[in-house]
Amino acid sequence: MAPSNSLAGGQKKNHPADNDAGRGDVGKQECGARKGTEGGKAAAAAATDIAPGRLKFHDVIYKSLQPRGEPRSGDAPSGARPVAAPPPRRHHLAAGGPGPARRGGRGGPAEPLLGAASRHRAAEEVRADFQRRVPYSYLQRAYIQLNKLEEAANAAHTFFMANPEHMEVQQDIENYKSTAGKVSLIDWEAKQHMEDYSAGVRHYDKEEYKLAIDFLERALKGYYSEDEDCQIMCEGPQRFEEHEYLEYKAGLYEAIADHYMQVLACKHDCVRELATRSGRISPIENFLPLHYDYLQFAYYRVGDYIKALECAKSYLLFHPDDEDVLENAGYYEGLLEGTVDPDTIKPRKVRLTKMLLRRHKLESHLLQVAAAGLGYTYTEPNYWNRYGARQDEHSWPSAMVQDVNEARACSAGSFCVSPSGGPLLYSDVKFVYNSQQLNGTQRVLLDNVISEEQCRELHRVASGIMLAGDGYRGKTSPHTPNERFEGATVLKALKYGYEGRVPLKSARLFYDISEKARRIVESYFMLNSTLYFSYTHLVCRTALSGQQERRNDLSHPIHADNCLLDPEANECWKEPPAYTFRDYSALLYMNADFEGGEFIFTEMDAKTVTASIKPKCGRMISFSSGGENPHGVKAVTKGQRCAVALWFTLDPLYRELERIQADEVIAMLDQEHLGPSEMNINPKDEL
């Protein structure tokens, strides 16, 4: 039997984020840097001293405190007297930033003005901004003022790599590509070992195994080098966040123990640090072992069975009971039988790897003992978890593909849905396409969910209750400047109906059809628990006249509903500010009398379209909200496109507050209409 390319600890593609509505644009204020030419030039002048290249935190702080010196010609306003340069000051470059020193007494040495240099540290807010790469959004604007489009593109790209949910910067990057003709963008903060790893995986996925080997080997070498640096950087002053209050007084031995535990925890965390992309929070699971898992199969495909066996044995140092890799190792040994004694073939970097594993295990033991002894809580993370693997089905030997697919059909973390799905509950609802026909997973397309008359009635309600920017924090064009967005919630519709501003029956229709959609989604995907509303929004997109020629943008950029889509890394990061609690999504369309506006699914690259759906009255597309279903909306170039957008969660803690209030309004209205004795059910029973 040929070896399986299981990638047992592969990259996790369990994803799901929402950019459809209710999203705040992270970093948008930062990108709105001063628009004045002089302000931009001043910022860029400082930027030219720092970039291109890595933007060093200490360098920025140090340069900001440097004395200005003599003004240059042209700096002072016309007719103004030149101002004498201030006397030079001495600076101490400290761990957290420099601090000015004052002159000592007569003949005495210079003394720090604010104490020891080691005490000068940046505030947490500043560190957080650098973690999120906020300075690069300012650099982008500064470079634009200097008409340095290439540097502006790289700065924008560097910012975007840490903020993939930032739609405005994404559009800026596309504009740079078209105006400056720049295709290759540079991430100035990239970790080289991570870049090599990503390149290796891309070549591996394309079955370019020789190139994959080159990059993955380089990534491995870089990883071990970065690990040494990470360990060294932990040997320094530590912060005791748990003890930052006035009453805390530690004795000498307790303080020593605290410090040592902080250093130890820092070193232990290097596994996470090295597996996390710059600007991200979540690490790539099973990162170091994955190198060997990719390499063992790549070497097999190029015919180097000795190195394939070495890498398989290296992987088994981390996961000795992995059945797939054990089977592969046995297969490689069979290929080498009669030529080389398999027992003489040892794991790669065996001493280094074993030392790393031994150190990691000892660190964990010491931290747990210290936690018990010193009375604090410690939870051991598992960043080398091999479950939830990304599989590469194209690389399995053809004879094994069918068996593998059957075995994976209901594996842990996947969805087990029959091709036809569950019942649709309503006789008038028409099934159109399932996941397979839509070239994806957890997708369904239905027609006749609501009637033509209901579409017209809902549209009339929409025209009476919608406000520009509703659901988008008041932004009338949150995703594109070429369209106007208007929206309304169920509670708002009921409020207007109760006040008589729209027909109450029509307002109730919005509530009823959203509940109908929820029941259909819950039944079709055969969920074993209740599906709750997370957010419900009636939204219309209107093409703005005079702005539709030569449009190359989307009405809504490609995204996922509960994770941050990172097309370049082929990942979807399930972390804030994404709405990570959303599990299923649905869009119920109300009309077709407009141009453009097709709903599209894409691959994780956000470019390859896998399915395109033309909206029409009563049509509903529903899908799981994760990174397995990236989607967007093509530009609406004429007319108005309206739909009811629904997001659902399986976690009752994240139920939509307005929906709960709407349930109470409905209960009140029903009680007024029927009277207390005629009420057979209480809508609050589900709360």
With respect to Lys267, which candidate in Glu363, Glu235, His360 satisfies the side chain to side chain donor-acceptor pair (under 3.5 Å) definition? Glu235
Pair Tyr532, Phe648 - check side chain to side chain contact (heavy atoms under 4.5 Å, CB included), show working. CA-CA 5 Å; Tyr532 302 96; Phe648 307 102; over 6 Å; no
Holding to side-chain contact (heavy atoms from CB on, under 4.5 Å), I want the full list of residues that pass it with Leu357, two or more places apart in sequence or in another chain. Leu317, Phe318, Thr353, Trp384
Among all residues two or more places apart in sequence or in another chain, which pass the side-chain contact (heavy atoms from CB on, under 4.5 Å) test with Ala275? Pro283, Phe287
Run Trp647 and Phe533 through side chain to side chain contact (heavy atoms under 4.5 Å, CB included) and show every step you take. CA-CA 6 Å; Trp647 293 271; Phe533 287 98; over 6 Å; no
Minimum-distance pair of heavy atoms, taken over all atoms of Ala370 and Met261: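 Scanning both residues completely, I find the closest heavy atoms to be CB-SD, 2.9 Å.
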Determine whether Phe623 and Gln442 satisfy the following criterion, side chain to side chain contact (heavy atoms under 4.5 Å, CB included), listing intermediate values before the conclusion. CA-CA 5 Å; Phe623 48 93; Gln442 288 288 278; 5.7 Å; no
Report the C-alpha distance between Glu273 and Lys191 in whole Å, list the side-chain angles of each, state the deciding distance to 0.1 Å, and finish with yes or no for side chain to side chain contact (heavy atoms under 4.5 Å, CB included). CA-CA 11 Å; Glu273 176 71 21; Lys191 298 178 180 178; 3.7 Å; yes
For this output row, return yes or no: ring centroids of Tyr300 and Tyr332 closer than 6.0 angstrom.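 They qualify: ring centres under 6.0 Å apart.
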Do Glu522 and Leu650 come within less than 4.5 Å of each other through their side chains, counting heavy atoms only?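 Of all side-chain heavy-atom pairs linking Leu650 with Glu522, none is under 4.5 Å.
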Is there a side-chain contact between Tyr654 and Ser534, using heavy atoms and a 4.5 Å cut-off? no
Any idea how [X] and [Y] line up, ring-wise: parallel (<30°), tilted (30 to 60°), or perpendicular (>60°)?
X: Tyr315; Y: His319; result: tilted
X: Tyr209; Y: Tyr204; result: perpendicular
X: His631; Y: Phe599; result: parallel

Stacked cation flag Arg443 on Phe601, 6.0 angstrom / 45 deg: yes
Whether the side chain of Arg218 engages the backbone of His193 through a donor-acceptor N/O pair (distance < 3.5 Å, no angle test) should be reported.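 No.
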Listed once per pair and sorted, the salt bridge (charged side-chain N to carboxylate O under 4.0 Å, His left out) pairs that draw on residues 219-234, sequence neighbours left out: Asp227-Arg359
At what distance, to the nearest 0.5 angstrom, does NZ of Lys313 lie from CG of Leu326? 11.5 Å
Go through the steps to decide whether Cys234 and Cys270 satisfy the test disulfide bond (SG atoms under 2.5 Å apart), and finish with yes or no. CA-CA 9 Å; Cys234 288; Cys270 286; 4.4 Å; no
